[in-house]
Amino acid sequence: MTADDQTRANGGMGATGRSIPLMGRDSEPTIFELSAPGRRAASFRTTDVPEWPAEDLLPAGLLREEPLDIAEVSERDLVGHVTRLSHRQYSVDLGAYPLGSCTMKYNPKLCDDAASLPGFTNAHPATPEGWTQGWLELLADLDARLCAITGMAAATLQPPAGAAGELTGLLLMRAWHAEQGGRERTKIVIPDSAHGTNPASVTLGGYETVTVPSDDRGCVDLGALRERLDDDVAGIMLTNPNTLGLFEEDIAEIAAATHEVGGLLYYDGANLNAILGVTRPGDMGFDIVHMNLHKTFAVPHGGGGPGAGPVAVGRRLVDFLPGPRPVRGDSGWSWQTPPKSIGRVHSWHGNALALVRAYSYILASGGDGLQRVAERAVLNANWLRHRLRGVYDVPFDRPNMHEFVASTGSLKRSSGLRAVDVAKRLLEEGFHAPTTYFPLIVEEALMIEPTETESLQTLEALASALERIAASPEDAAAAPRTTPVGRVDEARAARRLVPTFDARAADESDRLS
Amino acid sequence: MTADDQTRANGGMGATGRSIPLMGRDSEPTIFELSAPGRRAASFRTTDVPEWPAEDLLPAGLLREEPLDIAEVSERDLVGHVTRLSHRQYSVDLGAYPLGSCTMKYNPKLCDDAASLPGFTNAHPATPEGWTQGWLELLADLDARLCAITGMAAATLQPPAGAAGELTGLLLMRAWHAEQGGRERTKIVIPDSAHGTNPASVTLGGYETVTVPSDDRGCVDLGALRERLDDDVAGIMLTNPNTLGLFEEDIAEIAAATHEVGGLLYYDGANLNAILGVTRPGDMGFDIVHMNLHKTFAVPHGGGGPGAGPVAVGRRLVDFLPGPRPVRGDSGWSWQTPPKSIGRVHSWHGNALALVRAYSYILASGGDGLQRVAERAVLNANWLRHRLRGVYDVPFDRPNMHEFVASTGSLKRSSGLRAVDVAKRLLEEGFHAPTTYFPLIVEEALMIEPTETESLQTLEALASALERIAASPEDAAAAPRTTPVGRVDEARAARRLVPTFDARAADESDRLS
Amino acid sequence: MPDFTPHTDEEIEQMLAACGLSGTEELFTAIPEALRLAGGLDMADGLSEPDVVVETQRLAARNPGADLICFAGGGVYDHEVPAAVRRLGFRSEFVTAYTPYQPEVAQGVLQMLFEYQTLVARLAGLAVANASLYDGASALVEAANLSVAATGRKTVWVSEGIHPTWRSVLRTFAQGTGHDLKPIALRDGVTDWPIPADGNPPAAVLVAQPNHLGCLEDVKTAADLAHGVDGLCVVAADPVSAGLLRSPGELGADVVVGEGQTFGTPMSFGGPFVGLFASSLAQVRRLPGRLVGETVDNEGRRAYVTTLRAREQDIRREKASSNVCTNQTLIAVAFAIQLSWLGTAGLRELALRCARGTRYCREALLAIDGVEPLVSAPTLREFSLALPVPPETVVERLAEEGFLAGVPLEPGLHQREGLAVAVTERRTRAEIDAFTASFEKAVR
Amino acid sequence: MPDFTPHTDEEIEQMLAACGLSGTEELFTAIPEALRLAGGLDMADGLSEPDVVVETQRLAARNPGADLICFAGGGVYDHEVPAAVRRLGFRSEFVTAYTPYQPEVAQGVLQMLFEYQTLVARLAGLAVANASLYDGASALVEAANLSVAATGRKTVWVSEGIHPTWRSVLRTFAQGTGHDLKPIALRDGVTDWPIPADGNPPAAVLVAQPNHLGCLEDVKTAADLAHGVDGLCVVAADPVSAGLLRSPGELGADVVVGEGQTFGTPMSFGGPFVGLFASSLAQVRRLPGRLVGETVDNEGRRAYVTTLRAREQDIRREKASSNVCTNQTLIAVAFAIQLSWLGTAGLRELALRCARGTRYCREALLAIDGVEPLVSAPTLREFSLALPVPPETVVERLAEEGFLAGVPLEPGLHQREGLAVAVTERRTRAEIDAFTASFEKAVR
Ligand SMILES: Cc1ncc(COP(=O)(O)O)c(C=O)c1O
Ligand SMILES: Cc1ncc(COP(=O)(O)O)c(C=O)c1O
């Protein structure tokens, strides 16, 4: 009996869901189906505050008539529910997660501890600076270390994710160009292999995207770029290594050409993991750099977030940074906003606890450890490319950095095996799938990033699985068979939109306008 | 490829196991198979202590020649390994666990927090009492509360489990009788339904077990008991409600008869959950009571322990208790050993952090909450008996307390369904199995204890599953089919004993002497 | 010092050989020599785990502010987070997963988000909610963007009751989008709703409930006003208030945003929190961020998946109306767990306890000589005072006494210097009494 | 106040009705009226979760001893427990499981125990280890019982190098078993091994390595002595010492017991810890407690199960040689995780760091006027001093300075008053130097 059947079968009062764990591979009811009127988990501190009724406290017209229906469950049922759901979820702590561009490395547990210290977690963000000197010192030191790593002059820690960093960077460009005076610049150049956040951020930054194609090496086509560079161009956004996992060897030329027309260079730091301690965006000529602390610096991804996307800039842009920033004075640290600041990009100080995680990771790794990260991330990815090059297409089959893009192009033609099939088959082999169908310039792309924390033995197992999958394309259609649910009907989800539990009950015709 | 195949296949250096999670339902290699020479997770504090070599510190003859082989793994692989293993384990937090006699209730998370406070966890047990007043106060208050609950005069918190409590109780009896003088008493009376620890403890206590049969009500046969009572009898051990979940209604007569021959009454508190706030062993006439804090007072069972088995006694036995015990004086709490103490039964103060858990549970529950525990544990068990009485045999089909014993006796005769089959089928339905084949006096026994923390909806689901199982006996042989492993070959484990990873490699003929 | 990479020397050699390389440097030959860092990073070597513990504990200990008894709010509140929520929310399956791109192995996160969306939609009184945004302020920015996209208008009316830092974030991002933000002033604590003289009809009217002075706004009027000019009504609502107040959706809001820190997340020096975002079904195709929907798997079993993905940046690219990719899922999971733990009765009781403490504290402080109400509108769990001494001074003095007294109000905006004081369910009468006594000394 | 039972009033009524009952009292009709508690328990009503937090925090705060820098040992040591071990060991699947009676759903606990057994056997240098006992002292009691059962003899020789509290536990339980415990005295720090005058050959010889003065014993001599009279040699070994020393099994021990707190468990005011127990294969059928073995499932997949169950109390009942049922599995799991985290090199380094700190600290303290070595035998990570003032006084004085100075020795036993001082890998040179300076003042 599925949870659905049971919901239907239940005519009586109280909870409609039953609680049985994954071992039975049954689906888990929603918390709303586990609810029975009158059950509760919550208890409150004894305060001795007078117990005025709501009507004495608030104007009658504002009060709701009935309590808002949430769910009524015992702590036991809540714990069972969430624990069972956790068993329906893959994660880095369960196994390898070779998701290209996402850098799903193992995040050391010591960082969890650091971010759980009450001296960090219990501080209200509006506490006066004299009472949070530890916080300001930590943020300032993290800022300095991120600048040392990227070769920049100063950073803002406010952006809560990479995309927020991108937009912050574009607003910095805008402010800088405005100060330079002259005709307003309207365009940002982006390679065709770029991540979707780049063009989306460009639009939100009030610019227009100009796409530059990749050449047959998988890098920015320098000639094509030169054609696009003129004094309408505010700047260029690049990730280096790029999303094919290839280092843009012409980066010095790209920088010179862009600077020549008065443009600025923005570094999308999603791939910074590959070059830690080896080279720095600042040295390559970038003016603005965002980092995904949730990729490179071991902030766990949390099922989708939170992360943190600090933005570091070269000297000429420092005065434009968002504020306030921690500044050291005679009597300790204080908050200061740069003179020409673009303003706040976060209501407080960014995703502060995520910053603590990254900070403790950087402390533990040190300069030596960070360089090892890059070396071994690149070693793992190259090893895997070598192992798989005869099995899958590798469209740009040359030394890659921390990831590489394979393709089922030939296999699709010979046996119908698509990238999505490989992904689903890999799931049933116990691995997470690589990123599929990205970058857009490779057909049937499989973007594979093993990360530095996976061992050779894990890589061997992953490679064997990928070989088996290629060798038995006929298994693909039924995959995945060993996962908590089988292949999910994505089309139906969009066609018959059920975005909430309450929408399930509603008449289907009402659902979409 | 199973982990075994892989071990065989691996000819090279390094780890032989591969790390893939449960979702592939593959078995998990041992940590030893994940090991590769030179890998490590550990790091140590910088101390600046001189780095003398081992040879300068210790006599050469004592030193081992090679480092002891443990395992060489990264933190990442260790985390993956243990997390995957956790996904191969059922637990209360995942679902219902109706294991009779074991009281697998939900343990509130607030107790975990209490037991994690650094003021408790970081205290060395030899810290002078002036520096651990909080600990002594907590232990003394717990002692007093346990006495209030059981109706006794004083307790020792040292015994680390129920069985240790039993033995402590028997040594108390011994010491008490020795002080009374007279001929040495040699026997302890135990009902035939008793838990195995009871007779085993009797032997270790230096006594002989005399078994008293149960009557057709499932209770101690009073006549048979009277026949066994004489002045060789040091005492009687009972659990009430007994292991059939039935209250020994003649307890007053049993107590009187035992006391009459100079014997003492020992209460096996494994079933105390049923009577919290309703009646007390002290009021029934018991002289010595152990409690399983891991059953009644929400200390989680930890996969087999740790628990805690405090022993409370009536006034006349207080001076014999193990020591030291916390005693209140003018300048605060101090440790004192009772004048006629039998001595220590634990090297320190018992399973102290488990005691904190129980204490916080008792504080949160209060007198009102504990009584609710008993009421609802008994309600749940009676409801379930009523639901199942037509489906399974219920040999003693009358109002039960917190548990009841069913049997597949009739079903076995009609369709071959044994208790073990029900257990394995229930596992694949997503529930833990009841206790089987205990108590020994019921054939094909299923001892079912739902506990008070399971909701009516869960009980409904459990009952439906049990009904389905009885209705389809033909499914039994193949069960369980949805669990991490199928039916386990227990006979082979005993025949070809492999108690360690190293024994796997050893020649089989060497294994058993 | 702990090496988070597993490679042994032997393995490195073997792997390099498999790649046809003879040394680690050769991995980086694509990087022009001139760009290589000669001596590695200018940073000390790594520390051992215990050394990192010592260092982070040292820094944490330098935040005595974390021990102050908290009467500060301003969008961040000192609520209880029970043990169960903390432990469940930190299960490593949730913490170390990525965005649920492969639904077959992500039903845990997906279902938690589906429940989260349901809860946020109910709090808002609207039909749909997304799977989280960065925080309340960024959710407000997205709401403004959505309104502009929905109406084709560029003007946005912004009540000055919205927290100043949120408005500041709005202004920052308007530099890119070019939205024309029209501030609407307050009068005696609530938004004074004339139609601005300039005749451009707004894409949306933005209002906070309660506003940053703690006062309860008239959401219905705001909604009617917006709808009267074919604009949208966006309400930035405190989710706790839903325990007592009619929901913004019921009063006409088209979009409700909010700061979700309130449920399940400690104050954390301001983040990570979670931006709540709910809308009417009419706007679902313009919803920013991710959306989880229910569906079935190939055997007809209930399953969840991210849906209407065509809205998102990775597909729509420069045409996307939002660039959000990484969001705040883990905090959303904690939010859902905490709210389920509170339950129907608990949410009401929580709100009621806040309101009672607020009333008790407000009356006590107003009994102090020289302390006056800044405004007179009704409040729920935060209120604003006019003080005889600068509020920053009061906050400093009270910190010395062990209290975080509140959030000083934006100077200039309200004629007089003010302090916003918040009271949550955690504050006991004894704490409030002690606070009042210290407050009395502090304003002398 | 939090209600840990889920029953709503409506459900209770419905359930009672299903049982043919009209009220909750009727559930208890089997209990004679006279035995019923009239007014319920004499105990206050329950507290809310936050109130319990306040109360337990109050009590925890009254243990300033927990903040002392620890130089105490006596079987309990202040070792580092890394974040990974704590988080893994507390995964709720391990915490809230029962004894693995149904192996098909208990492979997690079973495999962890299998790995634990392997590790304990390796540390001991023996073939087999059980799945945990309560603590070191109870493991020693079980070892004595096993020896008696194996040899049919009642006499047990007990070195006075064994920690006094362990010997006291031995004596307590010998009241039941009637074992004849013969103490063997120490001479200059190590057991002085004559055959006691009384001619009864012993079932076993019990010796500690290192002993409670911190001194290293000659295990081989003890083993030879035991074997010379056909008795068993039982060694109570500190598992950390296996990082440097030859294992007791290698030197002839038949049974090795130990206290496992050292790996993965904080000092916890003395418990719960874990009793290590390893033996030669010859004794496996007399092994107390639970034993996990490897086997296969019905499809031939590797699986684990508790085995040789016929030894256990639930089957053998009065004939069982041990009554252990609930043991210390969770602590054993933490032990296995911690030891795997340390690994081959880490275990050695840990032991070496302890030995180095011990040497450094010992030399520093012995440089103090009036402080003398109590004995001269070599030590590993604990050493004993003779002091010019009572050791209890020194401990009290040093506590005032922030240090837990050590464990005062059993008075009388060693002629002079003594203090055992332990140094673990956590103690820095700076801490030891500060400790020495305070120590100097304290013994004046
Ligand atoms: C190449 C690239 N750029 C930008 C981003 C956006 O970062 P975030 O998800 O933190 O907003 C990503 C993240 O997936 C990325 O892979
Ligand atoms: C009836 C009964 N008595 C005694 C015990 C022994 O308690 P413990 O396992 O704590 O040693 C148990 C535990 O299973 C039991 O159920």
Side-chain angles (χ1 to χ4, degrees), chain A residues 42 47-48 57 64 67 82 85-86 88-93 114 117 119 121-125 127 131 134 160-161 163 196 199-201 205-206 209 247 277 279 302-307 343-344 347-348 351-352 366-367 369 376 378 382-383 452 455 483 485-488 493 498-501, chain C residues 5-6 15 19 27 30 35 41 43 45-46 56 59-60 62-63 65-66 72 88 91-93 96-97 99 103-105 107-109 118 128 134 137 165 168 172 176 246 266 269-272 293-295 297-298 303 307 313-314 317-318 320 323 326-330 341 346 348 355 428-429:
Chain A
T47 62
D48 296 321
L57 295 165
R64 63 167 64 245
V82 180
L85 284 180
S86 76
R88 295 167 71 77
Q89 179 62 47
Y90 194 96
S91 64
V92 170
D93 278 12
L117 292 170
T121 61
N122 293 352
H124 189 287
T127 312
W131 297 79
S201 298
T209 295
F247 193 83
T279 179
R344 288 184 166 279
S347 43
W348 301 102
N351 280 345
R376 294 173 183 186
V378 173
N382 275 287
W383 183 91
E452 73 280 5
S455 68
T483 45
V485 295
R487 203 162 312 188
V488 167
V498 183
T500 67
F501 178 74
Chain C
T5 63
M15 293 174 78
C19 297
L27 289 167
L35 297 181
L41 288 173
M43 195 180 296
D45 279 356
T56 49
L59 290 167
R62 293 196 61 214
N63 298 320
L88 292 172
R91 284 194 57 89
S92 70
E93 294 88 343
T96 73
T99 302
E104 295 84 1
V105 293
Q107 290 297 303
V109 164
T118 304
V128 50
Y134 305 135
T165 62
S168 142
T172 302
R246 292 170 69 192
F269 208 49
E294 190 190 294
T295 182
D297 77 353
N298 58 339
T307 192
Q313 43 69 30
D314 57 330
R317 300 179 72 88
E318 61 265 33
N323 67 341
T326 291
N327 58 18
Q328 310 278 122
T329 299
L330 190 66
W341 178 84
R348 182 173 193 280
T428 64
R429 182 177 190 146

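To find a chain, count down the sequence lines: A is the first, B the second, and so on, and within it residues start at 1.
- The contact between C:Thr307 and chain A is made entirely by side chain atoms (from C-beta outward), counting heavy-atom distances below 4.5 Å.
- Atom CD of C:Glu294 is separated from atom CZ of A:Phe501 by 8.5 Å, given to the nearest 0.5 angstrom.
- Ranked by heavy-atom pairs under 4.5 Å with chain C, the first of A:Gly119, A:Gly302, A:Gly205 is A:Gly302.
- Summarising the geometry, atom OG1 belonging to C:Thr5 is positioned 7.5 Å from atom CD belonging to A:Glu452; distances are rounded to the nearest 0.5 Å.
- For chain C, the nearby part of A:Thr209 is the side chain; its heavy atoms alone come within less than 4.5 Å.
- Put simply, the side chain of C:Ser92 never gets that close to the backbone of A:Asp93: no donor and acceptor are under 3.5 Å apart.
- Interface summary for chain C: among A:Ala114, A:Ala123, A:Gly303, the most heavy-atom pairs under 4.5 angstrom belong to A:Gly303.
- When each of A:Ala352, A:Gly343, A:Gly369 is scored by its heavy-atom pairs under 4.5 Å with chain C, the top score falls to A:Ala352.
- Within the 4.5 angstrom heavy-atom criterion, only side-chain atoms of A:Trp348, from C-beta onward, approach chain C.
- When atom types are taken as modelled, the side chain of C:Thr172 and the backbone of A:Arg344 share a donor-acceptor pair closer than 3.5 angstrom.
- Minimum interatomic distance between A:Pro306 and C:Thr326 (heavy atoms only, all atoms of both residues): C-CG2, 4.5 Å.
- In terms of heavy-atom pairs under 4.5 Å with chain C, the best-connected choice from A:Asn382, A:Thr500, A:Asn122, A:Leu117 is A:Thr500.
- Of all non-hydrogen atoms in A:Thr121 and C:Pro266, the two that sit nearest each other are O-CB, 3.5 Å.
- In this structure the side chain of A:Asn351 reaches within 4.5 angstrom of the side chain of C:Gln328, judged on heavy atoms.
- The backbone N or O of C:Leu35 lies less than 3.5 Å from a partner atom in the side chain of A:Thr279, making a donor-acceptor pair.
- Across C:Thr329 and A:Gly304, no two heavy atoms sit closer than the pair OG1-CA, 3.5 Å.
- Ranked by heavy-atom pairs under 4.5 Å with chain A, the list C:Arg91, C:Met43, C:Met15 is led by C:Met15.
- For the set C:Gly65, C:Ser168, C:Gly270, the entry with the most heavy-atom pairs within less than 4.5 Å of chain A is C:Gly270.
- Residues A:Gly134 and C:Asn63 share a closest heavy-atom pair of N-OD1, 3.0 Å.
- A heavy-atom distance below 4.5 Å is found between the side chains of C:Gln107 and A:Val488.
- In this structure, C:Ala320 and A:Ala200 approach most closely via the heavy-atom pair CB-CB, 4.2 Å.
- Taking chain C as the reference chain and counting heavy-atom pairs below 4.5 Å, the highest number among A:Ala163, A:Gly206, A:Ser201 is found for A:Ala163.
- Across A:Gln89 and C:Gly108, no two heavy atoms sit closer than the pair OE1-N, 3.5 Å.
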